[in-house]
Amino acid sequence: MTETCPGHAVILTGSYAMVNGIVANDWYDRKLGRAVYCAEDTAVALVGATGPGRSPRALLAETVGDVLKTQTAGRSRVVTVSAKDRSAIMLGGGQADAAYWIDGTAFVTSTYYRSALPAWVRRFNASGAFARRIGGRWDRVMPASGYTAMGRDDEPAERVVDGLGRTFPHPLGTLDALMHSPMLDEVVAEFAMHAVDAEELGRDTVPDILGISFSATDMVGHTFGPDSHEIMDDILRLDRTLARLFAFLDRKVGLAHVVIVLTADHGVAPMPELMTRGRAGVSPKRLDPGVVAAAVNRALTRSYGPAPAPGWIAYHGPPLVNLNQAALRAHRVTMEAAESVARAAIRSVPGVHDAVTGTELGRHGLPAQSGKPLADAVRSFFPGRGGDLYYFLEPYWLATTESTGTGHGSIWPYDQQVPLLWVGPGIVPSPRRGAATVADIAPTLSALLGLQAPRGAQGRVLTEILR
């Protein structure tokens with residue numbers, strides 16, 4: 001599942017949703033009768049802001065940090081930072097000392113970790129890190145001629161963000177504009193550097209973990225797409241941000257004592273409008289998810305009759321569909337039979353590549369004609385949280401009601417393939433062409449630390465990169 005929450009959950013657990021339980025950013029909870037957010041927790045409260053509580057309680061697997069904390073009797077420190085709550089929380093795991101994320105123009109946490117914001121966080125929030133950038137501008141870091149390989153600037157399908165504009169130089173006129181620019185990562189890196197000092201990371205011979213999730217690439221990718229001048233400039237600026245971070249770590253800890261792993265939670269889809277340009281026979285489009293829902297409702301009504309409110313579908317968050325069990329009981333229809341009717345209806349929608357049922361995924365048995373992408377869907381299914389149906393669009397199609405911007409979440413390589421870079425002591429400095437997955441990070445880090453891999457880890461130790 002190429003979404004933020006499940007993508008981050010894999011990185012330091014080494015397991016997929018079939019083990020760690022994080023099937024999507026949001027899923028349907030049948031007991032509660034509503035959609036739930038992957039990091040929501042009504043038993044805790046935010047610290048430094050108001051709003052619903054956040055914690056890693058929905059994460060059902062250990063992280064490397066959890067194992068490390070246990071092995072060192074709590075002496076190791078595990079601290080995570082991101083603009084997004086779910087990113088920081090899923091990297092940290094259940095025993096993290098702290099997870100921090102952005103709410104408005106402040107870094108916050110929850111009472112799961114701390115009863116109050118530490119003084120250093122309050123000082124950072126008062127330092128004007130956001131205010132210094134709002135009202136500024138985002139221009140290219142290289143001459144404009146260096147960006148021509150990305151094609152023309154300012155495509156009509158690019159999304160408009162309030163206060164940002166669509167062409168360089170971009171005014172950062174609002175907080176929303178800043179959050180959709182590479183300057184967001186600058187703030188996160190600054191905060192992470194303060195965390196290294198304040199949380200005393202790397203001060204002794206006991207290993208610590210610092211997890212940082214840089215969210216600007218996702219925000220810029222959604223807004224301008226992967227073929228834009230903006231995404232190229234974002235990557236160039238992220239490279240400089242990382243250079244400053246690594247130089248800081250070298251001064252404070254010494255890079256001879258730091259292992260760095262760089263990866264991502266998911267990729268991003270090209271704009272459908274760009275894919276049709278100059279490509280004969282390629283005609284991806286934007287598909288309103290309501291078309292899929294309407295097809296399912298029509299097919300089930302035709303087969304079994306009208307359903308009580310809210311209809312035959314209880315929840316629809318592409319690519320997940322959950323059927324209304326009250327309607328099934330009212331019509332004395334089995335889930336498996338209803339799934340079969342609904343799947344046929346979904347498959348009939350133009351732009352749908354295929355669909356698979358929760359019953360099939362729960363049995364780990366897919367139709368004989370299913371290819372590898374659908375077989376991979378088994379890894380994203382967890383009983384009681386997964387959808388009754390998963391559907392997948394054709395390459396470069398987007399399930400969205402928006403006419404601009406782009407997204408991710410598909411089964412295709414542009415969403416599934418991410419970087420995996422390792423630097424540091426114990427790592428052989430050589431490119432590798434063999435197969436590797438994000439799930440291999442946790443077992444390999446565990447091996448470097450002399451630990452058992454987290455329980456349930458499904459990846460392998462990348463022995464070929466270790467000295």
Side-chain angles (χ1 to χ4, degrees), residues 2 133-174 176-189 214-246 262-286 394-398 400 402-408 410 412-421 431:
T2 47
R133 292 169 171 86
I134 298 174
R137 71 176 196 166
W138 168 21
D139 206 349
R140 297 178 179 90
V141 294
M142 296 198 317
S145 59
Y147 297 74
T148 55
M150 304 303 290
R152 72 186 190 190
D153 190 21
D154 190 20
E155 290 288 348
E158 293 175 0
R159 184 178 298 161
V160 176
V161 174
D162 181 43
L164 184 63
R166 288 173 54 174
T167 59
F168 282 110
H170 293 287
L172 300 179
T174 63
D176 199 28
L178 173 63
M179 297 292 284
H180 288 78
S181 79
M183 288 67 191
L184 172 65
D185 286 344
E186 295 176 1
V187 177
V188 170
F214 292 105
S215 303
T217 303
D218 179 69
M219 307 293 275
V220 173
H222 274 286
T223 303
F224 298 100
D227 303 294
S228 63
H229 290 207
E230 284 81 2
I231 200 70
M232 179 176 173
D233 196 72
D234 172 79
I235 295 298
L236 292 170
R237 288 179 179 272
L238 177 59
D239 184 67
R240 297 181 180 200
T241 297
L242 291 173
R244 289 192 293 272
L245 173 65
F246 298 156
L262 176 66
T263 190
D265 51 350
H266 55 71
V268 65
M271 301 277 196
E273 294 79 5
L274 269 66
M275 296 307 297
T276 59
R277 190 179 299 160
R279 290 178 172 87
V282 177
S283 57
K285 296 180 177 63
R286 297 171 185 268
E394 297 287 359
Y396 309 117
W397 283 66
L398 287 179
T400 179
E402 298 181 357
S403 59
T404 59
T406 187
H408 48 83
S410 81
W412 304 113
Y414 50 78
D415 280 344
Q416 284 199 341
Q417 292 182 353
V418 296
L420 184 52
L421 307 178

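Only this structure's heavy atoms are used, side chains among them; waters, hydrogens and symmetry mates stay out.
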message: Tell me the closest heavy-atom pair linking Asp415 and Thr2, and the distance in Å.
response: O-CG2, 3.3 Å

- request: May I ask you to decide if Val220's main-chain N or O and His180's side chain share a donor-acceptor pair within less than 3.5 Å?
  value: no

task: Please step through side-chain contact (heavy atoms from CB on, under 4.5 Å) for the pair Thr263 and Leu421, ending with a clear verdict.
output: CA-CA 7 Å; Thr263 190; Leu421 307 178; over 6 Å; no

statement: Looking only at heavy atoms, the pair that brings Trp397 and Ser283 closest together is CZ2-O, 3.8 Å

- request: Specify whether Tyr147 and Phe168 have parallel, tilted or perpendicular ring planes, treating 30° as the upper limit for parallel and 60° as the lower limit for perpendicular.
  value: tilted

query: CZ of Arg137 to CE of Met183: how many Å apart, nearest 0.5 Å?
result: 10.0 Å

- request: Carefully, step by step, assess Val160 and Thr404 under the rule side-chain contact (heavy atoms from CB on, under 4.5 Å).
  value: CA-CA 8 Å; Val160 176; Thr404 59; over 6 Å; no

Lys/Arg N to Asp/Glu carboxylate O, Glu186 vs Arg240, below 4.0 Å: no

Check: Asp154/Thr167 side-chain N/O donor and acceptor closer than 3.5 Å: no

query: Closest approach of Gly165 and Phe224, non-hydrogen atoms and distance?
result: O-CZ, 4.1 Å

Test log, rule side-chain contact (heavy atoms from CB on, under 4.5 Å), inputs Met219 and Asp234: CA-CA 10 Å; Met219 307 293 275; Asp234 172 79; over 6 Å; no

query: Please walk me through it: do Thr400 and Arg286 pass side-chain contact (heavy atoms from CB on, under 4.5 Å)?
result: CA-CA 6 Å; Thr400 179; Arg286 297 171 185 268; 4.0 Å; yes

query: Do Arg140 and Asp233 sit within salt-bridge range, that is, some charged N less than 4.0 Å from a carboxylate O?
result: no

